[in-house]
*Asks:* 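Please find one structure pasted underneath; my questions will follow.
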Amino acid sequence: MSVRSKVIEAIQQIAKEQRVALPELSDDLSLHETGFDSLAFAILVARLEDETGVDPFTISEDAAFPATVGDFVRAYENVPA
Amino acid sequence: MSPREIFALRDHLGAELTGRTLSDAHTSVSLTDVLSQTVLGGRLRELSGRAVLLKLSDQLRSGLAMIELDGIARRMLLCPPDLNPAHLDALIADAGIDAVVTDEPDRWTDTGVALVVTAQLPLVPTIPAQTERGTEWLMLTSGTSGVPKIAGHTLEALTGAIVAEGSARGPAPVWATFYDIRRYGGLQIFLRAILCGGSMVLSDPHEALADHVARLNARGVSHISGTPSHWRKLLMSGSAAHFAPRYVRLSGEIADQAVLDGLKAAFPGSSIGHAYASTEAGVGFAVNDGLEGFPADYLGNRNGVEMKVVDGSLRIRSSRTAHAYIGRDASALTDDDGFVDSGDMVELRGDRYYFVGRRGGIINIGGLKVHPEEIEAVINRHPDVRMSRAKSRKSPITGGIVVADVILADGTDPARAKEIREQIVQQCRAQLASHKVPAVVRFVEALDVTPAGKLARTDA
């Protein structure tokens with residue numbers, strides 16, 4: 001499974017659990033518009049860390065938290081192996 | 001004799017009750033004629049009036065030494081097997097120890113302890129001793145780190161609940177416990193066996209659970225106690241199938257509904273009760289209605305035990321509590337009114353109080369306080385879950401999140417893991433505030449249990 005599809009699947013799974021009505025996910029969608037609160041993002045980051053072995057927001061001190069879904073996916077795609 | 005008559009353990013043992021034994025995995029000792037035998041090589045006289053450290057590598061000799069020393073020594077300090085040796089010097093100083101009973105006498109040469117007595121089996125004949133004094137029993141608290149505190153008890157305080165309950169009708173019980181008898185929970189069972197005319201089968205840390213249960217069966221164990229973690233491990237092991245005790249007791253941790261129901265299903269013919277006790281607060285009460293928590297009307301004065309809830313924690317005053325912490329820098333054990341603060345947090349729901357966790361065990365989730373036990377109790381209600389542990393994990397976003405490690409029932413189809421995980425999260429969402437819902441549920445093969453029988457909480 002590609003990194004992108006892992007991230008998207010995790011977002012959808014957490015949305016289901018948290019009863020968040022997700023708008024259609026596109027790269028331009030701002031994370032704010034996903035309807036996720038900080039807890040939902042914390043869950044997302046933790047689950048992705050378990051699945052991919054990386055937490056791109058903790059490794060790098062200057063990593064700004066992404067603004068859009070596309071930025072978020074790229075944060076995982078661009079982690080050096 | 002002092003103003004009122006003093007009873008020691010020896011005064012509860014006599015030749016009139018035959019067939020009583022104290023046994024471990026290797027040896028069985030008759031309690032019927034134990035008073036005319038000695039585990040101390042006949043050197044009990046030398047220990048009269050002394051402050052004795054009981055430092056033995058097994059429970060059997062420890063129990064036999066307790067029987068001999070009670071009523072003779074001024075005080076005796078019981079060392080549980082997991083005591084960190086680095087703490088021994090501080091404990092010896094705090095308790096004013098001037099004699100040691102050990103099975104490793106070579107270790108005690110040149111240690112400054114004046115008198116070293118070797119405990120040995122087999123027992124050898126001796127002239128029965130007479131009770132001289134009320135011996136102070138010193139027990140160590142089972143805190144997680146640092147030098148344990150020493151709680152001082154009298155035999156009267158230690159046996160208050162046993163005497164109050166009285167002896168059950170029917171054949172004398174054969175007691176067993178998963179605890180070590182040098183800890184409060186285990187000592188209670190040992191004292192029950194001595195006072196109520198029964199026998200006792202000791203645990204062995206090196207024995208496989210299936211072998212332990214086979215031994216309990218072979219010895220006809222009828223009454224048995226352990227922590228909920230001990231019992232969950234037994235239920236998971238499959239060894240419970242051929243075991244049918246009359247009485248099953250839980251103490252030392254929160255007995256949640258799942259473990260009570262699990263035991264009821266595994267032992268349909270047994271009485272199942274959970275008891276509330278701690279080294280400091282003594283035995284508070286027992287609950288025998290099969291439900292978690294305890295009726296709200298247990299508060300107030302009941303059978304000589306007074307209980308109240310202040311700032312969410314259970315406070316107990318009774319003649320069964322320890323009387324003091326022992327040592328130079330010992331803090332007060334009770335408040336000015338004589339109440340012990342148990343540190344166990346309770347919550348009133350309807351007409352019942354429920355234990356939610358330890359005050360010291362709170363984890364911080366994004367600035368909010370969470371008791372891991374409360375989350376575990378909800379997870380454990382899932383029919384496929386045998387045991388769980390909730391803890392906090394750092395999060396770059398909220399500071400902390402709840403994660404749960406879960407052991408599934410034996411034979412659970414791995415293909416159902418995803419479905420079960422979703423059900424667990426749904427169940428938690430339905431019953432807990434959102435920040436308490438585990439963000440990550442991991443399935444694990446085992447969870448660590450401390451030597452005191454409690455779920456290990458290294459991060460708490």
Side-chain angles (χ1 to χ4, degrees), chain A residues 1 5-22 29-69 71-80, chain B residues 363-370 372 374-375 378-379 382 385 388-408 414-445 447 459:
Chain A
M1 202 192 291
S5 46
K6 275 184 189 166
V7 173
I8 298 298
E9 193 189 42
I11 291 175
Q12 286 166 340
Q13 172 67 26
I14 292 163
K16 194 172 129 197
E17 286 170 16
Q18 301 279 325
R19 306 218 170 85
V20 172
L22 272 184
L29 187 71
S30 89
L31 289 177
H32 180 68
E33 288 166 332
T34 59
F36 271 29
D37 59 10
S38 61
L39 179 64
F41 279 115
I43 295 172
L44 179 61
V45 171
R47 295 229 185 125
L48 287 171
E49 183 184 357
D50 285 353
E51 208 167 317
T52 65
V54 291
D55 169 2
F57 311 108
T58 300
I59 321 174
S60 162
E61 281 188 9
D62 56 34
F65 200 78
T68 67
V69 170
D71 293 343
F72 188 85
V73 171
R74 276 187 290 278
Y76 285 88
E77 286 174 335
N78 295 338
V79 169
Chain B
I363 55 177
N364 191 318
I365 300 299
L368 297 165
K369 289 172 179 174
V370 175
E374 183 189 2
I375 301 166
V378 175
I379 297 173
H382 190 286
V385 170
S388 63
R389 181 185 60 199
K391 55 187 182 180
S392 70
R393 168 162 152 190
K394 275 189 187 159
S395 161
I397 297 158
T398 55
I401 51 168
V402 176
V403 299
D405 290 340
V406 173
I407 303 179
L408 291 178
R416 290 184 54 225
K418 189 164 183 270
E419 169 199 339
I420 293 171
R421 183 182 283 117
E422 285 178 19
Q423 289 166 351
I424 289 171
V425 172
Q426 285 307 324
Q427 197 166 299
C428 289
R429 284 194 68 81
Q431 297 176 47
L432 295 167
S434 62
H435 65 284
K436 297 177 183 173
V437 176
V440 178
V441 175
R442 284 200 311 163
F443 295 120
V444 296
E445 290 295 313
L447 288 168
D459 63 330

*Asks:* Can you confirm whether B:Q426 sits close enough to A:K16 that some side-chain heavy atom of one is under 4.5 Å from a side-chain heavy atom of the other?
*Replies:*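 No. Closest side-chain heavy atoms not under 4.5 Å.
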
*Asks:* What part of A:Q18 is in contact with chain B, defined as an atom under 4.5 angstrom from a non-hydrogen atom: side chain, backbone, both or neither?
*Replies:*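 Both backbone and side chain.
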
*Asks:* At their closest point, which heavy atom of A:S38 faces which heavy atom of B:T398, and how far apart are they?
*Replies:*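 That closest heavy-atom pairing would be O-CG2, 3.6 Å.
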
*Asks:* What's the spacing between A:R19 CZ and B:S434 OG if we round to 0.5 Å?
*Replies:* 12.0 Å

*Asks:* Does the pair A:D55/B:K394 count as a salt bridge with the N-to-O cut at 4.0 Å?
*Replies:* no

*Asks:* With rounding to the nearest 0.5 angstrom, report the CZ to CG distance, B:R442 to A:D50.
*Replies:*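 Reported value, rounded in 0.5 Å steps: 7.0 Å.
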
*Asks:* Charged N to carboxylate O below 4.0 Å: is that the case for B:R421 and A:E17?
*Replies:*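 A:E17 and B:R421: not salt-bridged.
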
*Asks:* I'd like to know which of A:I43, A:I14, A:L44 tops the heavy-atom pair count under 4.5 Å against chain B.
*Replies:* A:I43

*Asks:* To the nearest 0.5 Å, what is the distance between CD1 on B:I401 and CZ on A:F41?
*Replies:*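 One gets 14.0 Å once the value is rounded to the nearest 0.5 Å.
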
*Asks:* Indicate the atoms forming the closest heavy-atom contact of A:V45 with B:I397, along with that distance.
*Replies:* CG2-CD1, 3.3 Å

*Asks:* Do the side chain of A:R47 and the main chain of B:V440 share a donor and acceptor less than 3.5 angstrom apart?
*Replies:*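 No; judged by distance alone, with no hydrogens or angles, the pair does not exist.
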
